[in-house]
Amino acid sequence: MATPQPHTSASTESMVKSATPILPQLPKIEDLIPSFNLENHVTLITGGSGGLAHTLAQALILQGSSIALMDLNQEGLKNLKKELENFIKHYHDKIPNADKIVISIWQCDVSDPKHVDEVINAIPQKHNGVIPMKLVHTAGYCENLKAEQYDPIRFQKLVNVNLNGSFYIVQSLTNLHLKTKEAILNNNVSSLALPNFNMKLSYVLIASMSGLIVNHPQPQSAYNASKSGVIHLCKSLACEWAKYGIKINCISPGYIATELTKKVISQSVEGLELMREWTSRVPLERMAEPKEFIGSVLYLLSDNASSYTTGENMVVDGGYTCW
């Protein structure tokens with residue numbers, strides 16, 4: 001058996017050095033302060049003429065983003081475009097690169113995949129060739145109909161808009177990015193290189209707490225099923241597209257008091273009773289304001305704040321689903 005050799009001073013010094021923790025370098029400031037800046041970006045907002053989209057568009061503009069608004073309601077889009085252009089003029093000094101921000105509008109039926117492809121591929125033409133890297137998909141609608149009386153064609157139409165339309169939008173936008181990225185890679189590097197967007201390509205789908213619970217007292221089986229599908233679609237695509245550096249997340253709102261909702265509820269006794277029923281089931285005892293979703297959207301769109309967040313369903317419901 002070999003006789004153990006005593007440690008020399010050199011070996012002892014080496015052991016001491018290896019056991020001494022290496023002092024970390026000072027971190028970069030940008031790694032410690034999340035950035036929500038969207039300068040030089042184009043954000044595509046579907047359901048663009050709706051109340052939530054209106055508020056989110058203003059918030060994104062304040063972060064420097066150009067906006068591509070998509071909706072089936074052409075008149076609503078035109079009105080919102082004018083309002084946003086006036087918004088930019090009013091807050092010009094507070095908006096990064098305000099003079100470079102472009103607002104474009106696109107009439108589109110999200111339930112028609114061919115139409116979606118045509119519109120998505122046309123958007124860069126109005127934005128100096130820039131393809132939207134950010135998406136906020138709010139398009140969708142709800143119907144309150146009893147399941148036993150629900151016309152199958154009508155049920156199918158709602159699901160086609162809310163669920164299938166979500167897929168058509170993200171599929172088309174992703175394919176446009178992949179096609180463009182692959183062309184660049186093939187020209188400059190290797191045809192075997194995998195396109196990667198480093199989590200800067202970010203999609204936010206507006207689902208609903210209705211995808212997690214059953215609303216009461218109104219019957220809305222088609223809507224609930226469609227939003228449940230959106231949540232799981234998001235998770236599935238997050239897993240499939242992680243290899244491309246694409247992040248995709250959901251926000252599931254509770255009841256939102258948009259201007260239209262407030263107007264409809266206040267016009268009848270039944271509407272006011274329905275609102276009381278809804279808010280009685282919310283721990284915060286009220287409906288949400290559209291502005292209360294800005295922080296969630298900015299977080300999920302951010303290049304660095306949410307770089308490790310994908311496939312998440314962020315529930316913003318005032319605590320409704322806790323009960």
Side-chain angles (χ1 to χ4, degrees), residues 27-47 52-53 55-68 95-97 130-140 166-167 169-171 173-174 176-178 181 194-209 211-212 227 230-254 256 288-319 321:
K28 297 178 181 177
I29 293 295
E30 56 267 30
D31 289 338
L32 300 178
I33 302 177
S35 172
F36 304 104
N37 183 278
L38 294 171
E39 288 181 70
N40 302 317
H41 275 293
V42 177
T43 302
L44 170 60
I45 304 178
T46 69
L52 180 59
T55 298
L56 294 178
Q58 292 174 329
L60 294 170
I61 287 170
L62 284 170
Q63 295 297 329
S65 179
S66 288
I67 304 292
I95 299 172
N97 285 328
V130 176
I131 306 172
M133 292 284 285
K134 312 296 181 183
L135 165 70
V136 182
H137 179 62
T138 77
S166 299
F167 177 70
I169 289 290
V170 295
Q171 182 192 51
L173 188 55
T174 297
L176 179 58
H177 275 290
L178 290 177
K181 193 85 167 180
L194 190 69
N196 194 292
F197 300 96
N198 298 315
M199 308 310 281
K200 297 183 186 299
L201 185 51
S202 181
Y203 306 153
V204 177
L205 308 182
I206 302 300
S208 172
M209 69 174 185
L212 302 170
K227 290 302 186 178
V230 169
I231 292 169
H232 208 65
L233 173 67
C234 166
K235 293 179 181 295
S236 300
L237 295 180
C239 293
E240 282 196 43
W241 291 345
K243 63 186 178 185
Y244 297 128
I246 299 172
K247 61 178 180 176
I248 175 168
N249 295 283
C250 284
I251 294 177
S252 282
I256 308 175
E289 296 292 332
K291 66 181 181 181
E292 293 178 295
F293 297 90
I294 293 171
S296 305
V297 169
L298 290 179
Y299 165 73
L300 293 175
L301 292 182
S302 170
D303 289 343
N304 68 346
S306 58
S307 56
Y308 200 60
T309 303
T310 193
E312 176 63 25
N313 178 38
M314 185 178 292
V315 182
V316 186
D317 66 351
T321 52

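Values below: every heavy atom of this structure, side chains too, minus hydrogens, waters and symmetry copies.
Around NE2 of H177, the count of heavy atoms belonging to other residues, nucleotides or ligands within 6.0 Å exceeds 12.
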Extract all donor-acceptor atom pairs below 3.5 Å that involve side chains of residues 34-42 and protein atoms in other chains or at least two apart in sequence.
unit_1 : atom_1 : unit_2 : atom_2 : d
S35    : OG     : N37    : N      : 3.3
N37    : OD1    : E39    : N      : 2.9
N37    : ND2    : E39    : OE2    : 2.9
E39    : OE1    : N97    : ND2    : 2.6

Do any side-chain atoms of residues 244-253 form donor-acceptor pairs under 3.5 angstrom with protein atoms, and if so which ones, sequence neighbours left out?
unit_1 : atom_1 : unit_2 : atom_2 : d
K247   : NZ     : L300   : O      : 3.2
K247   : NZ     : S302   : O      : 2.5
K247   : NZ     : S306   : O      : 3.4
K247   : NZ     : S306   : OG     : 2.5
N249   : OD1    : G311   : N      : 3.2
N249   : OD1    : E312   : N      : 2.9
N249   : ND2    : T309   : O      : 3.0
S252   : OG     : S208   : N      : 3.3
S252   : OG     : S208   : O      : 3.2
S252   : OG     : N313   : OD1    : 2.7
S252   : OG     : N313   : ND2    : 3.4

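Taking the side-chain hydrogen bond (donor to acceptor under 3.5 Å, both in side chains) definition, one finds that S296 meets it with nothing, sequence neighbours left out. With sequence neighbours excluded, the residues that form a side-chain hydrogen bond (donor to acceptor under 3.5 Å, both in side chains) with S65 are T43. The side-chain hydrogen bond (donor to acceptor under 3.5 Å, both in side chains) search around K134 returns D303, not counting sequence neighbours. Residues satisfying the salt bridge (Lys or Arg N to Asp or Glu O under 4.0 Å) criterion with E240, sequence neighbours excluded, are absent altogether.
Looking only at side-chain heavy atoms (C-beta outward), T46 and V136 stay at 4.5 Å or farther from each other. Counting only heavy atoms from C-beta outward, the side chains of L237 and Y203 never approach each other to under 4.5 Å. When side chains are defined from C-beta on, V170 counts as touching L205, because their heavy atoms get closer than 4.5 Å. Under the 4.5 Å side-chain criterion, counting only non-hydrogen atoms from C-beta, Q58 is not in contact with L62.
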Is there a side chain to side chain contact (heavy atoms under 4.5 Å, CB included) between I45 and L60? Walk through the geometry before answering. CA-CA 10 Å; I45 304 178; L60 294 170; 3.8 Å; yes
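Without hydrogens or angle criteria, H137 side chain to L44 main chain gives no donor-acceptor distance under 3.5 Å.
Summarising the geometry, atom CD belonging to E289 is positioned 10.0 Å from atom CD1 belonging to I256; distances are rounded to the nearest 0.5 Å. A distance of 11.5 Å separates CD in Q63 from CD1 in I61, rounded to the nearest 0.5 Å. The OG1 atom of T174 sits 8.0 Å away from the CZ atom of F197 when rounded to the nearest 0.5 Å. Separating the NZ atom in K181 from the CG atom in L176 is a distance of 13.0 Å, to the nearest 0.5 Å.
The two atoms that bring A57 and I67 nearest to each other are O-CD1, 4.2 Å, heavy atoms only. Across all their heavy atoms, P132 and L173 have their closest contact at O-CD1, 3.8 Å. Nearest approach of L301 to L135, heavy atoms of both residues: CD2-O, 3.9 Å. Heavy-atom minimum distance, F293 versus A288: CE1-CB, 3.7 Å.
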